[in-house]
Engineer: 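Structure incoming, see below.
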Amino acid sequence: MDPTQTLATGSGYWSPLLWLLALVVGLAVALVIRSRGRKDFREGEGRAPFISGNKEPEQGGGHIPASNIYWGFLESMKSYYGRLVPVHTGVPTDYVAWLLGIMALMLIIGLAT
Amino acid sequence: MDTFVMRHLPALLIATPLFAAFLMPLVGTAGRTARNAWAFLGALLTAAIGLTLAWKVWTTGTVLYVFGAATPQQTLPPDAAFPIRIMFQVDAMSALMAVIASLSALGITIYSLSAESKQSGLETFYAMLFLLIAGVLGMVVTGDLFNFFIFLEISSLAGAALVAYRIDDGVAVEAGLKYALLSTVGALAVLTAIGMLFAQYNALNMATLASRLQFTALDKVALVLLAVPLAMKCGAVPMHFWTPDTYTTAPSSVTAFLVVSSQASLYGLFRILYTLYGDLLQFSWATFGWFLIVLGILSMFIGVTMAIPQKDVKRLMAYHAVSQTGYMLLGVGVGLAVLGNADALAKYGKTAMAGGLFHIINHAMYKGLLFLTAGAVFYRCGTRNLNKLGGLGHTMPWTMVFFMIGALAIAGVPPFNGFASKLLIYESVFRFSPFLSIIAMIVSILTLASFVKVFHSMFMGPPRAEFAAAREVPAPMFIGMAILALFVVVAGLAPQPFIEHMINPAVDALVDRAGYIAAILGGR
Amino acid sequence: MMSYLLLKLPYFTVVVLTLLGLAAMVFKKNLIKILMGLSLLESAVNLFLIVTGYRTDGVAPIYTNAPSLHMTLPTVQALTLTSIVIGVATSAMMLSFAMVIYKKYGTVNAEKVKKLKG
């Protein structure tokens, strides 16, 4: 592979290999920082993780189901989704109607121009 | 022998999967080993022929194949001034699509060998799969409009049968019925348009039709009747409703190939807009360019926002397929909108088209990969519900790695291939209209967000008791995913050779309408 | 005038059949009726193809012992035959789908066959 391999985008260049190099450098920095940590630490020692003063939940009980992820986003976009989701009725006649509707619209636009 | 094969490559490209399909039930009676070997052999040969044909196109230019003529290159009969035979015209654009289809076909067939092994009636399944492959390959290499309709119908029928193949309490059949219904209505509109064009110009050959078109009012009607159903078949919003239904219920390997099939419809749309009508649209270039752009923007945005709240992993991915199709429509639409302006076309129009076309091949690979990983999870865990899945990273590490590669690629995170094509689209579309480019970037962010959700719900967290038996997938599924993942990584690390040798010739082939006509009519 | 209308009658039939088919597909809720609408649409398209190749008083396009060279156009007839074959395959497949749906859902009402939505 050519090391000068770049992607010309018309207004600039992007080199995937330079990006990889940057990743490697970042990884090296992280490893250097990690190697400066305490060598005498062993798992199981020390204090339990601090979770806002609550007790650490049991292993296995900490899984968040998918429906709860982005709850806030969905809640704030409720008016948008409230209109969009019902359009996906699942009724085949509606699907055909949408196809015919777009076809009619394009016929009007196409013949007018 | 070698020259014989090389001379008849375009015909063999269709004949091989058809032969594999029709002999499949017979071979299947000899036992499962014979059946699997036959399926593997058929896919391998098809892929080899597809790649050889593409290589031939890239090295020697457009490959013509006239059926029933004295030589495959004799486009005009000795006693007639216009072509009367069915012909395949494989230019760089067709070659690109043939590579996509035949490579994914190989990966998907290998994957099916074990993914479907628990099912019954597999002879029919593979026969249908090969019919679907033949239909898609036919759509992208044919130079004849009616032939295009035939292959469109073959791929629709085989696709619908495959979607409904696992009855699954009727849900799969419901999806199959919707898909078949819409496909048939769309195909009938296409057939009507072909009839309108034939009645006026007495030709079915695309190059001949292109040279004769007058752009009458009837031609405009025909254009709409061709373009809108094909846009529906590629899943553009607001005609995308069948996409999530179909992609969710089909077996994962079939879903991965339905993505390719919808991209063959996209190819048909581009072929009709650029090659068949092309210069004739000059008074309405902007109109049809904007038709693609508006469909693209709607698909991108509505697709991704509908994906975020989904709970079924394959339904979520299906909405992303809609969203990613938007990028292709946007890129190629910008190219079409500036087709009349040579300066803008050279400056950013061709780059936008290159980005759009590069996204087609990238999308086929990473979306195929994602659907296959979803299939792998379903194979081991028996559910697609994201609320129930979890902790699979402990037991299926390789599936997780493949999923990460696919998810990062679809979100446009460097250094994977999705980034390369999206970068081309962003930068060129920005010079056309910054607003569109910004929407495209926002959609990418939302894509990443929703795949973070999938990743978290499927693979993260402590191991769950109900999936304790889950193991890594069997070797054929692993190989199928690895083929696609390898492409995603390689095309991401070295995009420039792909752009130079595959994409740019395809862009030039699309723009060069006169060249397409001259290949058949000899410059007359 | 009358003969002109008679000549164009097949085209009117095409339009009427198309509209009937589309109306059945959009407004009927019974899956079987929707498929009947689809069949009507198919017939309309087939008729349209045939009509474009028709010539008044034309003979069948078979050159052996042809009484005259004033022939109907064979190409569209070939197209129509192909289209009919495809139509049969489609109808058979979709009707069998409707049958399975009736077995599994207990209804062929399109409004009730929507486990997939949203």
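This structure is a prediction, so every number in the text was calculated from the model and none was measured. Residue numbering restarts at 1 for every chain, and letters A, B, ... go by the order of the sequence lines. Side-chain atoms are counted along with the backbone in the values below, which use heavy atoms only and exclude waters and symmetry mates.
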Engineer: Decide yes or no for C:L116 and B:T246: does some side-chain heavy atom of the first lie under 4.5 Å from some side-chain heavy atom of the second?
Structural biologist: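 The answer is no; the side chains never approach within 4.5 Å.
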
Engineer: Below 4.5 Å from any heavy atom of chain C, which atoms of B:E174 appear? Answer side chain, backbone, both or neither.
Structural biologist: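 Both parts, backbone and side chain.
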
Engineer: Could you have a look at B:A199, B:A160, B:P309 and say which one has the most heavy-atom pairs with chain C under 4.5 angstrom?
Structural biologist: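 The option with the most such pairs is B:A160.
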
Engineer: Just checking heavy atoms, which of residues 78-85 of chain C are less than 4.5 Å from chain B?
Structural biologist: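 Contacts with chain B: C:L79, C:T82, C:S83.
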
Engineer: Using 0.5 Å steps for rounding, measure from the NZ atom of C:K114 to the CG atom of B:D245.
Structural biologist: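 Going from NZ on C:K114 over to CG on B:D245, the span is 12.0 Å.
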
Engineer: Side chain, backbone, both or neither: which part of B:S156 has a heavy atom under 4.5 Å from chain C?
Structural biologist: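 Neither part; nothing is under 4.5 Å.
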
Engineer: Who are the ring pair (Phe, Tyr, Trp, His ring centres under 6.0 Å) partners of B:F146, not counting sequence neighbours?
Structural biologist: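 Once residues adjacent in sequence are excluded, the partners of B:F146 under the ring pair (Phe, Tyr, Trp, His ring centres under 6.0 Å) criterion are B:F149.
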
Engineer: Please classify the contact of B:M306 with chain C as side chain, backbone, both or neither, using a heavy-atom distance under 4.5 Å.
Structural biologist: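 The answer is the side chain of B:M306.
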
Engineer: Between B:F241 and chain C, with a heavy-atom cut-off of 4.5 Å, which part of the residue counts as in contact: side chain, backbone, both or neither?
Structural biologist: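 It is neither, since no heavy atom gets under 4.5 Å.
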
Engineer: Look up atom OG1 in C:T52 and atom CZ in B:F198, then write down how far apart they are to the nearest 0.5 Å.
Structural biologist: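 One gets 7.0 Å once the value is rounded to the nearest 0.5 Å.
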
Engineer: Give the intermediate values and the outcome of side chain to side chain contact (heavy atoms under 4.5 Å, CB included) for residues C:T75 and B:L204.
Structural biologist: CA-CA 10 Å; C:T75 316; B:L204 288 170; 4.2 Å; yes

Engineer: Heavy-atom distance under 4.5 Å to chain C: side chain of B:I154, backbone, both or neither?
Structural biologist: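 Answer is neither: B:I154 stays 4.5 Å or more from chain C.
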
Engineer: Between B:T192 and C:T18, is any pair of side-chain heavy atoms under 4.5 Å apart?
Structural biologist: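 A side-chain contact is absent here, since even the closest heavy-atom pair is not under 4.5 Å.
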
Engineer: Where on B:L157 is there a heavy atom nearer than 4.5 Å to chain C: the side chain, the backbone, both, or neither?
Structural biologist: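 Both backbone and side chain.
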
Engineer: Just to be sure I understand the criterion: a residue of residues 30-47 of chain C counts if one of its heavy atoms is under 4.5 Å from a heavy atom of chain B. Which ones qualify?
Structural biologist: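 When heavy atoms of chain B are the reference, residues 30-47 of chain C contributes C:L31, C:I34, C:L35, C:L38, C:L41, C:E42, C:V45 within the under-4.5 Å range.
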
Engineer: Can you find a heavy atom in the side chain of C:M25 that is under 4.5 Å from one in the side chain of B:V185?
Structural biologist: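 Counting from C-beta outward, C:M25 and B:V185 do come under 4.5 Å.
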
Engineer: If contact means a heavy atom pair closer than 4.5 Å, which residues of residues 90-103 of chain C contact chain B?
Structural biologist: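 Those residues of residues 90-103 of chain C which have a heavy atom under 4.5 Å from chain B are C:T90, C:M93, C:M94, C:F97, C:V100, C:I101.
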
Engineer: With a 4.5 angstrom heavy-atom cut-off, which part of B:A187 approaches chain C: side chain, backbone, both or neither?
Structural biologist: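 No part of it gets close to chain C.
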
Engineer: If you draw a 6.0 Å radius around NZ in C:K117, do more than 12 non-hydrogen atoms from other residues or ligands fall strictly inside?
Structural biologist: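 No, NZ of C:K117 has 12 or fewer neighbouring heavy atoms, counting only those of other groups under 6.0 Å.
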
